[in-house]
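A short worksheet on the structure shown next.
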Number of protein chains: 2
Amino acid sequence: MSDCVSCENLNCMIKKNIHHEGIQKYVSEKHNIICKKSQQFIMEGAPAHGLFFVRKGQVKVVKTGIYGREQIVRFAHDGEIIGHRGFGTTKHYPIGALAIKETHLCNFTNDVLQKMLKEVHELTFDMMLFYSEELNRSETKVRKFAQMTVREKVIDSFLYIYRKFGQCEDDFFNIQLPRKDFADFAGTTEEQVIRIISSLKKEKLLQTSGKKIGIIDVPLLKKEISEHNYFLDS
Amino acid sequence: MSDCVSCENLNCMIKKNIHHEGIQKYVSEKHNIICKKSQQFIMEGAPAHGLFFVRKGQVKVVKTGIYGREQIVRFAHDGEIIGHRGFGTTKHYPIGALAIKETHLCNFTNDVLQKMLKEVHELTFDMMLFYSEELNRSETKVRKFAQMTVREKVIDSFLYIYRKFGQCEDDFFNIQLPRKDFADFAGTTEEQVIRIISSLKKEKLLQTSGKKIGIIDVPLLKKEISEHNYFLDS
DNA sequence: CATGAAACCTGCTAAAACACAGGGTTTAAT
DNA sequence: ATTAAACCCTGTGTTTTAGCAGGTTTCATG
């Protein structure tokens with residue numbers, strides 16, 4: 001249950017390197033944590049005490065912005081890393097993280113992690129590649145925020161959620177978020193998000209039912225932003 | 001002249017690891033390139049053929065954005081890496097790079113680099129840390145772009161230039177850029193930049209003389225953005 | 001030193017985005 | 001079933017930003 005060998009998250013970096021002997025002795029030192037819905041497990045500004053992997057669940061990563069405005073950096077689910085931003089020179093987490101629904105986490109302390117990286121070079125290399133991809137993603141996001149209109153940013157956020165979490169047969173996202181969260185992720189206000197949702201519903205591109213949101217016509221929605229853009233995956 | 005041992009850029013990652021035996025045999029395989037002013041040496045979208053280090057000079061890193069609008073990702077000078085964004089999974093450069101003034105570059109091909117990383121684990125580790133710092137920087141930038149006003153973004157850009165290139169005794173930046181470049185970097189339009197420069201001149205915070213720009217009162221300018229912000233270094 | 005191009009500046013206008021206010025609806029707990 | 005809290009929605013006024021148009025300055029070059 002708690003060991004990595006039986007874990008199903010094949011995209012997890014530890015799992016991928018579990019066959020290396022150097023790594024196995026450290027796996028037993030990882031902590032398993034269970035978070036209830038909306039529970040925060042990383043505090044922004046707190047001393048970094050290691051890396052987290054999402055074993056199962058949904059997480060949002062936040063950062064306090066200007067005027068205390070909340071910014072959602074990204075969402076994460078099964079297999080993904082959280083807390084890697086605190087690993088460089090800074091010894092404090094630059095972000096906070098909280099569970100959207102009940103979430104099972106694996107936690108490696110910085111000490112253990114450091115030892116693992118020293119011993120298993122393939123892991124270090126994978127981490128480097130991971131960071132480099134994250135960097136590309138982040139810079140694409142900079143470009144988006146700098147140049148997209150609010151409507152485009154909101155649509156882009158919906159497509160991001162769609163790509164990441166998908167939607168069930170009834171065509172609603174496999175994740176439920178309040179409008180405010182979409183706003184904080186897209187970099188705008190709740191009102192704008194609501195207005196744009198209204199428009200998109202009228203245009204038969206989106207459907208809602210209470211908190212639930214789903215895309216009706218994915219290709220058409222995609223078309224609207226990919227028109228003048230190259231490929232922007234994030 | 002062309003070997004790393006005598007190089008003065010102590011912040012360069014290669015120089016830092018030059019004492020490792022594994023690295024020295026590869027240093028001879030690096031290429032030295034000299035770029036004239038405004039010459040482009042990385043084309044956006046071209047196949048990635050390695051990493052560049054700035055030996056001496058000034059470089060701007062650009063990315064074509066929405067509607068073909070140009071976005072300046074960052075500026076670089078002595079000792080800094082360029083082209084690392086093309087190293088992950090993508091085999092094409094996601095950015096372009098061009099010399100602002102005459103610039104001397106060192107170029108390692110991807111092959112050589114790969115070999116170096118395989119052999120010198122400290123280098124891989126350093127690269128990982130480098131990427132992780134870049135990621136933090138980039139995400140700070142996302143937040144800025146999402147939440148700052150145009151005035152704040154422009155001021156922030158001036159402070160960035162000040163931090164990175166400094167200014168001489170006559171209080172002008174050690175780099176000359178057209179207003180348009182500041183706009184592309186700050187994520188706004190040339191007109192806005194010009195307007196804000198005018199205001200700042202009236203407020204005795206900035207001085208200009210033709211293309212030259214300099215900050216008169218750094219702490220006061222800093223204060224304006226750091227007021228509601230935590231520490232934002234980029 | 002004339003000249004043309006590039007860079008810089010300003011005023012005006014329209015559009016985009018935000019903020020506030022107030023009302024409606026859903027949800028979950030008692 | 002009731003009630004409070006959280007969430008959702010819409011209208012209106014204001015601010016911010018972008019875009020255009022036209023003018024001036026600066027600077028390199030023949």
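Each chain gets a letter, A, B and so on, in the order its sequence line appears, and its residues count up from 1. In what follows, every heavy atom counts, from backbone to side chain, and hydrogens, waters and symmetry copies are set aside.
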>> Using the side chain to side chain contact (heavy atoms under 4.5 Å, CB included) criterion, which residues pair with Ser132(A)? Sequence neighbours excluded.
In response: Tyr131(B)

> Less than 4.5 Å apart, any side-chain heavy atom of Ile95(B) and any of Lys63(B)?
Replying inline: yes

>> Which residues pass the side chain to side chain contact (heavy atoms under 4.5 Å, CB included) test with His31(A), not counting sequence neighbours?
In response: Asn107(A), Thr109(A)

Which pairs, protein N/O on one side and nucleotides 16-25 of chain D N/O on the other, fall under 3.5 Å?
residue: dT17(D); atom: OP1; partner: Val150(B); partner atom: N; Å: 2.9
residue: dA18(D); atom: OP2; partner: Thr188(B); partner atom: OG1; Å: 2.7
residue: dA18(D); atom: N7; partner: Gln192(B); partner atom: NE2; Å: 2.7
residue: dG19(D); atom: O6; partner: Arg195(B); partner atom: NH2; Å: 2.7
residue: dC20(D); atom: N4; partner: Glu191(B); partner atom: OE2; Å: 3.2

>> Of all nucleotides in DNA chain C that come within under 4.0 Å of a heavy atom of chain A, which is furthest toward the 5' end and which toward the 3' end?
In response: dA17(C) to dC20(C)

>> With side-chain hydrogen bond (donor to acceptor under 3.5 Å, both in side chains) as the rule and sequence neighbours excluded, what pairs involving residues 202-211 of chain B come up?
In response: Arg151(B)-Glu203(B), Lys201(B)-Thr208(B)

> Got a sec? Which of residues 96-103 of chain A come in under 4.0 Å of DNA chain D, heavy atoms?
Replying inline: none

List the atom pairs, donor and acceptor, that lie under 3.5 Å between side-chain atoms in residues 165-173 of chain B and the rest of the protein, sequence neighbours left out.
residue: Gln167(B); atom: OE1; partner: Ile215(B); partner atom: N; Å: 3.1
residue: Gln167(B); atom: NE2; partner: Ile215(B); partner atom: O; Å: 2.9

> Run the side-chain contact (heavy atoms from CB on, under 4.5 Å) check on Val61(A) and Phe75(A) step by step: do they pass?
Replying inline: CA-CA 6 Å; Val61(A) 179; Phe75(A) 297 95; over 6 Å; no

> How far does the helix from dC1(C)-dG30(D) to dT30(C)-dA1(D) bend, going by the axes of its first and last five pairs, to the nearest 10°?
Replying inline: 40°

> With Phe145(A), which residues qualify under ring-ring contact (aromatic ring centres under 6.0 Å, His included), at least two apart?
Replying inline: none

>> Between Val193(B) and Val150(B), is there a side-chain heavy-atom distance shorter than 4.5 Å?
In response: no

> Between Phe185(A) and Ile161(A), is a side-chain contact (heavy atoms from CB on, under 4.5 Å) present by the stated rule, with each step listed?
Replying inline: CA-CA 10 Å; Phe185(A) 183 65; Ile161(A) 294 295; 5.5 Å; no

>> Holding to side chain to side chain contact (heavy atoms under 4.5 Å, CB included), I want the full list of residues that pass it with Ser138(B), two or more places apart in sequence or in another chain.
In response: Leu135(A), Ser138(A), Glu139(A), Val142(A)

>> For the aromatic rings, using the six-membered ring if either is Trp, is the centroid distance between Phe52(A) and His84(A) under 6.0 Å?
In response: no

Do any side-chain atoms of residues 35-42 of chain B form donor-acceptor pairs under 3.5 angstrom with protein atoms, and if so which ones, sequence neighbours left out?
residue: Gln39(B); atom: OE1; partner: Lys36(B); partner atom: N; Å: 2.9
residue: Gln40(B); atom: NE2; partner: Ile42(B); partner atom: O; Å: 2.9

> Looking at Arg74(A), Lys60(A), Lys56(A), Arg55(A), which one forms a salt bridge (Lys or Arg N to Asp or Glu O under 4.0 Å) with Glu80(A)?
Replying inline: Arg74(A)

> Does anything in residues 168-183 of chain A reach DNA chain D, meaning a heavy atom under 4.0 Å, and if so which residues?
Replying inline: Pro178(A), Arg179(A)

>> Between Ile82(B) and Leu51(B), does the side-chain contact (heavy atoms from CB on, under 4.5 Å) criterion hold? Intermediate values first, please.
In response: CA-CA 6 Å; Ile82(B) 294 165; Leu51(B) 219 64; over 6 Å; no

> Would Glu70(B) and Thr64(B) count as a side-chain contact (heavy atoms from CB on, under 4.5 Å) if you check the C-alpha gap in whole Å, the side-chain angles of each, and the deciding distance to 0.1 Å?
Replying inline: CA-CA 5 Å; Glu70(B) 190 173 83; Thr64(B) 313; over 6 Å; no

